[in-house]
Structure formats: structure tokens, C-alpha cells
Number of protein chains: 2
Amino acid sequence: MSRGKLNVREPLLRRLPRYYRYLNELKNMEVKRTSSLELGERMGITSSQVRQDFNCFGGLGQQGIGYEVNALLGRIRKILGLNSRYKVIIAGVGNIGHSLASYSEAASEGFDILALFDVNPRLIGCSVNGIMIYDIDDMKEFIREKGVEIGIICVPKDRAQATADIMIEAGIKGIWNFADVDLYGPAEVVIENACLNDSLYTLTCRMNILQCF
Amino acid sequence: MSRGKLNVREPLLRRLPRYYRYLNELKNMEVKRTSSLELGERMGITSSQVRQDFNCFGGLGQQGIGYEVNALLGRIRKILGLNSRYKVIIAGVGNIGHSLASYSEAASEGFDILALFDVNPRLIGCSVNGIMIYDIDDMKEFIREKGVEIGIICVPKDRAQATADIMIEAGIKGIWNFADVDLYGPAEVVIENACLNDSLYTLTCRMNILQCF
DNA sequence: GTGCAATTGTTAAAACTTTAACATTTGAAT
DNA sequence: ATTCAAATGTTAAAGTTTTAACAATTGCAC
Ligand SMILES: NC(=O)c1ccc[n+]([C@@H]2O[C@H](COP(=O)([O-])OP(=O)(O)OC[C@H]3O[C@@H](n4cnc5c(N)ncnc54)[C@H](O)[C@@H]3O)[C@@H](O)[C@H]2O)c1
Ligand SMILES: NC(=O)c1ccc[n+]([C@@H]2O[C@H](COP(=O)([O-])OP(=O)(O)OC[C@H]3O[C@@H](n4cnc5c(N)ncnc54)[C@H](O)[C@@H]3O)[C@@H](O)[C@H]2O)c1
């Protein structure tokens, strides 16, 4: 299942944000240059894998020398799509929605949260972190008018697919879903399910298996 | 039969919580019996994979018939470690910590959040969702005394590893980490990094690659 | 300049995961 | 009772991902 000219397969896609984090760390330590060996050791993966991964994007390093931290970081930023800014909205201003809206680093990372939406009349008209909460019925038009690219879903799980459908009809490009259910949409809309419970159950599963030894 | 040699590899481990969700859905629809074909179609995977997966745990189905939803669900609950109750604490009561503490379904899923911890003196002494916030300096003793099994880390990322180290010294069994950094510990402590940013960047990466067509 | 150590890019092998194939089991219809 | 369709368990093949190996390139010491 090819995803275009960049050949980013699933396992690499999951490693990319980690590369980004570790390279940022090196940058903050003012390290100018690194090697597949050093990076791999820090990240707990083989140097072979690091080289193989970076090679998917063409010659990012220099033989005999290594990789320039800044240049590599820039390239990966771009591949991750972090050189663009994104117009974002959040549907559902409960626990999770409120928390994400309050995350003040979002803007500095390129994510402009333009508005929040909810059904609860007590919330409509209020604001969180300076961002207004509107009636969910106005979401579709808002997405269309403002050209919103990313929708974050924080509604109860039985309302999640319906909320996603509205976003998709309005022309959203990507959906970040926190409801405890898989969402589906047409191929041109990217959907990332961030099921928190799945992650927690993975933890308890491993805790249980370890006890068997 | 004991679970002594459960052979749960990474990809299967990531699918298990999904099986759990979809089986729960079937149960709620009062479906008594299902097949690898039906389950696979719902989940978007092949029936072969479903059978192969379930076979890791021994004969969960019956040839010619299929799988009993309830029995299968029970078995997967157990494998995921969801038949036990867990004593849980949260370190860092900011946006995310507050949100998780307020998630009222946690207890019904078997996770008893006993206490919250923070450095902020304004927070210490307050409570969230009926759960007290204590001084982070008291966390170590609390874990020891109460036999806390799971620690959730919601502190800023530059304090995350130090916080994890304290939990580990106190004898915690598992750590669920929301700070935007990988945490490390000894092999007998299970650590699940739930880096939200990684998930978001995966989304933007796919949005960008799709545009290449 | 030459030789050497460091390190990438690239190819090949190994390991792992998924899919396909099929023999076997079951229950129901006749 | 026999046959058939449905469905699992299991084995084999195909596909994917990771690791290992090594030739090529670079900078540095002498
Ligand atoms: N909070 C957590 O710690 C946590 C953990 C795991 C999973 N989740 C999942 O995240 C999702 C949200 O959880 P939460 O704790 O924030 O829930 P919540 O109940 O606190 O918030 C849900 C919000 O959505 C609003 N809402 C309901 N229907 C809506 C609709 N049709 N359109 C717009 N808004 C609507 C509600 O008014 C409410 O404000 C749930 O699916 C939950 O299963 C949450
Ligand atoms: N909130 C989000 O939407 C979001 C999104 C992505 C990543 N994150 C990550 O999650 C983590 C927490 O984010 P947040 O938004 O909840 O932060 P926050 O600043 O709202 O909360 C952090 C809390 O930790 C407390 N704290 C600080 N040092 C502590 C220590 N040593 N011991 C105990 N408590 C301490 C602070 O007093 C504060 O209450 C961060 O690492 C952040 O990068 C958050």
C-alpha cells in the first residue's frame, strides 16, 4: 500500500516522531553532528536501522562523517509536515477536550486552535485558554468558511463517528480521535485514532505477562 | 491452564485491545457467537489473522461453529490483565493529569486512582473528582505503604524521568507516561509511553504524504 | 601523499508477520 | 446415515522489516 513518492511504511512512520524528538534533544545540547551509531544507541535501535530509515529520504548524511543535526532535523520536520501551520478545531469540551485546548504549546508547534464546539448550552459562549466554545451545529459551516484542516474529536464514543462524518462532509483533511472507538472515513481523509485505553491495556497486559516468569 | 508461555508479540499486543473493543461491541449487540470472518471484516483485517492470533492462546473457538463472544471476551480480558483491580496514582495535576483524574469510568474498568501528587503548593490539599492532591515528596512513601501498582506521569517532560525513578524505587510495577519523552527503567518495570505529540505528528505526516499524489 | 579509523549508502541475509491453502470438525438438512 | 456448508486449527508460502556485511568516502595523523 504505497503512500506516494515518499516511501514511508508504517513502522518507519511510527519511528519518525521519535527521531524528531531525539534530534531536537541533541540540538538543544548544541551537538552539531551525530552518527547512526550514537543516535541508535540513544534510541535503543540498531545503527543499521537508522541508516536504512534515513536512506528512504535520500542522502541525508555524508560518508565518513555522519549527519548534521540541524539539516537532518529540518528534513524530518518537513517530512512530518511540521513546516506548515494548521487550522484546528476541537469537538467536545469535556475532560480531554478542555485539556488539549489548554495546552499552550500547541500554537508554538504550528497548531492554531481556532474554535471549540460542544452541545452543552452551559459551555457554549464560554472560552478556554482564550478560545471560544461554539454550538456544535455551527461546526460544519465554520470548517468550510475558515478552511479548517484538522479536527480533534473529544466527544463521547457513541457520538464520535457522527461528529467525524460532519467534519468530513465539511472538507476536513485530518481527524485526531480520542474517543475509545475506531473511526472510519474516505481514503483522502487521514484519521489517527489515539485510543488512550488501548495504550493502558497494553501496559496491564505486559504487567501480567511479566508476572508469569 | 496457566498463562506461563503466552507468546504475545508486539503486533499482536497492539491488536489485543482492539479485539477487546470489537468483542465488547458484539456483546452489547447481544451477539452470542461470531466467526473469524465476521470479526475480521468489522476490524479491517483478514480472517486468517484473527484465527492465527487467537490460536496463540490455544483453542478459543470450535471448528465448524466459530467463537463464543462471551468466552472469548473473558479470555482476552484476562490476557489483557483486566480481571484484576489496580491501585493507581497520578503525578502532575496539570491539564492532562486533571483530565485523567476526572475520567470517572476509570474505576469501573478496574483502575482505582488513590491519590494525586504535585509540587504546586496551591494544588496540594485540594481534590479532583474526590481524589486528594498530596505533596510530591510524599509519593514514594505512599506507593510503598499502599502497594500502588501503576503510576501515571503527567509532569513536564524535564521532570518526567526523575519522577519515574522515584516511582521505580518505591516498587511500582507499571508506568503510563504522558510526558513528551521516552522513559527508561529496569526490565521488571513495564513502561508505556503514550506520547500524544507523536500521534499528532503521525497524522500530519500522513496528511502531507497524501498530498504527493 | 599514504594509511588508517570512522562512518555512510547499499546489498544481502535473517527474522518476523501476514496471508493463503487445506485438512478437519461440526451441525443441519434430507 | 449421508452429504453439505460453515468454520476452525494448522501448515506453508509470501511479504515485510530488521539486521548484518561490506564497499565507498572522508578527514586526520604522520
Ligand atoms: N478523560 C479521560 O481520561 C479519558 C480516558 C480514556 C478515554 N477517554 C475517551 O475520550 C472521550 C471524551 O472523554 P471525556 O472524559 O473528555 O468526556 P466528557 O464527558 O468529559 O466530555 C465530553 C464532552 O462532549 C460533549 N458532547 C457530547 N455530545 C456531543 C456532540 N454530539 N457534539 C459535541 N459535543 C458533544 C459533552 O457536552 C462534553 O462536554 C470519550 O470517548 C472517552 O471514552 C477519555
Ligand atoms: N496538555 C496537553 O494537551 C499535552 C499535549 C501533548 C503533550 N503533553 C505533555 O504532557 C505533559 C503534561 O502536560 P500538561 O499540559 O498537563 O502540563 P501542565 O503544565 O498543565 O501540568 C504539569 C503539572 O505538573 C506539576 N509538576 C511540575 N513539576 C513536578 C514535579 N517534579 N512533581 C510533581 N508535579 C510536578 C505542575 O505543578 C503542574 O501541575 C507534558 O510533558 C506535556 O509535554 C500535554
Side-chain angles (χ1 to χ4, degrees), chain A residues 1-4 6-19 22-23 26 31-76 79 202 205 209, chain B residues 1 5-19 22-23 26 31-76 79 202 205 209:
Chain A
M1 172 195 317
S2 164
R3 299 175 192 278
L6 278 185
N7 194 16
V8 182
R9 301 231 197 55
E10 195 64 20
L12 171 53
L13 181 61
R14 297 284 155 192
R15 277 193 296 274
L16 273 180
R18 292 191 74 219
Y19 283 128
Y22 280 86
L23 285 168
L26 286 174
V31 175
K32 299 293 177 215
R33 175 181 290 172
T34 188
S35 68
S36 57
L37 194 69
E38 181 186 42
L39 198 51
E41 267 173 9
R42 284 174 167 273
M43 295 179 59
I45 60 182
T46 65
S47 62
S48 251
Q49 177 141 82
V50 175
R51 290 200 298 281
Q52 194 77 279
D53 282 350
F54 291 168
N55 243 66
C56 291
F57 313 126
L60 296 178
Q62 212 178 347
Q63 284 192 353
I65 302 190
Y67 301 90
E68 295 290 328
V69 171
N70 269 327
L72 191 51
L73 195 52
R75 191 71 210 282
I76 289 180
I79 293 164
T202 301
C205 184
I209 290 168
Chain B
M1 67 190 84
K5 52 169 198 159
L6 276 187
N7 195 14
V8 182
R9 299 226 200 58
E10 194 63 21
L12 171 53
L13 181 60
R14 297 284 154 194
R15 276 192 297 273
L16 273 180
R18 292 190 75 218
Y19 284 127
Y22 280 86
L23 284 169
L26 287 174
V31 175
K32 298 294 177 216
R33 177 181 288 172
T34 187
S35 68
S36 57
L37 194 69
E38 181 186 42
L39 198 50
E41 267 173 10
R42 283 175 167 272
M43 297 178 58
I45 61 183
T46 64
S47 62
S48 252
Q49 177 140 80
V50 175
R51 289 199 300 281
Q52 195 78 280
D53 282 350
F54 291 168
N55 244 65
C56 292
F57 312 126
L60 296 178
Q62 214 179 347
Q63 285 193 352
I65 303 190
Y67 301 90
E68 295 290 327
V69 171
N70 268 327
L72 190 52
L73 194 51
R75 190 70 210 284
I76 290 180
I79 292 164
T202 301
C205 186
I209 290 168

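Here is the naming used below: chain letters follow the sequence lines, and residue numbers restart at 1 for every chain.
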- Which of the following nucleotides, C:dT10, C:dT17, D:dG27, is nearest to the side chain of B:Pro11? C:dT17

- Message: Distance check needed: D:dA7 C1' versus B:Leu72 CG, whole Å only.
- Response: 14 Å

- Could a donor-acceptor pair under 3.5 angstrom be found where the side chain of A:Gln52 meets the base of C:dT10? no

- Rounded to whole Å, the CZ-C1' distance (B:Arg51 to C:dT24) equals 13 Å

- Task: Please check the phosphate of C:dT17 (OP1 and OP2 only) for any side-chain N or O of B:Arg9 closer than 4.0 Å.
- Result: yes

- Message: Ignoring hydrogens, what is the shortest heavy-atom contact between B:Cys205 and A:Ile79? Give both atom names and the distance.
- Response: SG-O, 3.4 Å

- Just checking B:Arg33: base, sugar-phosphate only, or nothing, at a heavy-atom cut-off of under 4.0 Å? nothing

- Report yes if some heavy atom in the side chain of B:Leu72 is under 4.5 Å from a heavy atom in the side chain of B:Phe57; otherwise report no. no

- Indicate, with a heavy-atom threshold strictly under 4.0 Å, whether B:Ser35 touches base, sugar-phosphate, or nothing. sugar-phosphate

- Query: Does A:Thr46 or A:Gly64 map to a spot on DNA chain D nearer the 5' end, using the closest nucleotide for each?
  - Reply: A:Thr46

- Task: Select base, sugar-phosphate, or nothing to describe what A:Ser47 touches, counting heavy atoms under 4.0 Å on all strands.
- Result: nothing

- Note on the structure: From CD of A:Gln49 across to C1' of C:dG9 the rounded distance in Å is 16 Å

- Could you give the CZ-to-P distance, from A:Arg15 to D:dT16, as a whole number of Å? 16 Å

- Query: Going by heavy atoms in the side chains, are A:Thr202 and B:Leu16 under 4.5 Å from each other?
  - Reply: no

- Message: So A:Leu37, base contact, sugar-phosphate only, or nothing? Heavy-atom distance under 4.0 Å.
- Response: nothing

- Message: Any side-chain N or O of A:Gln62 below 4.0 angstrom from OP1/OP2 of C:dT8?
- Response: no

- Item | Between C:dT18 (P) and B:Glu10 (CD): distance, integer Å | 11 Å

- Rounded to whole angstroms, how far apart are CG on A:Asp53 and P on C:dG9? 12 Å

- Query: When you check the phosphate oxygens OP1 and OP2 of D:dA6, does a side-chain N or O of B:Tyr67 lie under 4.0 Å from one of them?
  - Reply: no

- Take atom CG of A:Leu39 and atom P of C:dA6, then tell me their distance rounded to the nearest Å. 19 Å

- Residue pair A:Gln63/B:Gly61 against DNA chain D: nearer the 5' end by closest nucleotide is B:Gly61

- For C:dT8, take OP1 and OP2 only and decide whether either is under 4.0 Å from a side-chain N or O of A:Asn55. no

- Query: Whole Å only: how far is the CD1 atom of A:Ile65 from the P atom of C:dA5?
  - Reply: 18 Å

- Polar pair under 3.5 Å, donor/acceptor by atom type, side chain A:Ser48, base D:dA20: yes

- Which residue, A:Phe54 or B:Ile45, contacts DNA chain C at a nucleotide closer to its 5' end, judged by nearest heavy atom? A:Phe54

- Rounded to the nearest 0.5 Å, how far does CZ of B:Arg51 lie from OG of B:Ser35? 9.0 Å

- Task: Check step by step if side-chain contact (heavy atoms from CB on, under 4.5 Å) holds for A:Leu39 and A:Leu26.
- Result: CA-CA 9 Å; A:Leu39 198 51; A:Leu26 286 174; 4.1 Å; yes

- Query: Quick one: which of B:Arg18, B:Arg14, B:Arg15, B:Arg9 gives a salt bridge (Lys or Arg N to Asp or Glu O under 4.0 Å) with B:Asp53?
  - Reply: B:Arg15

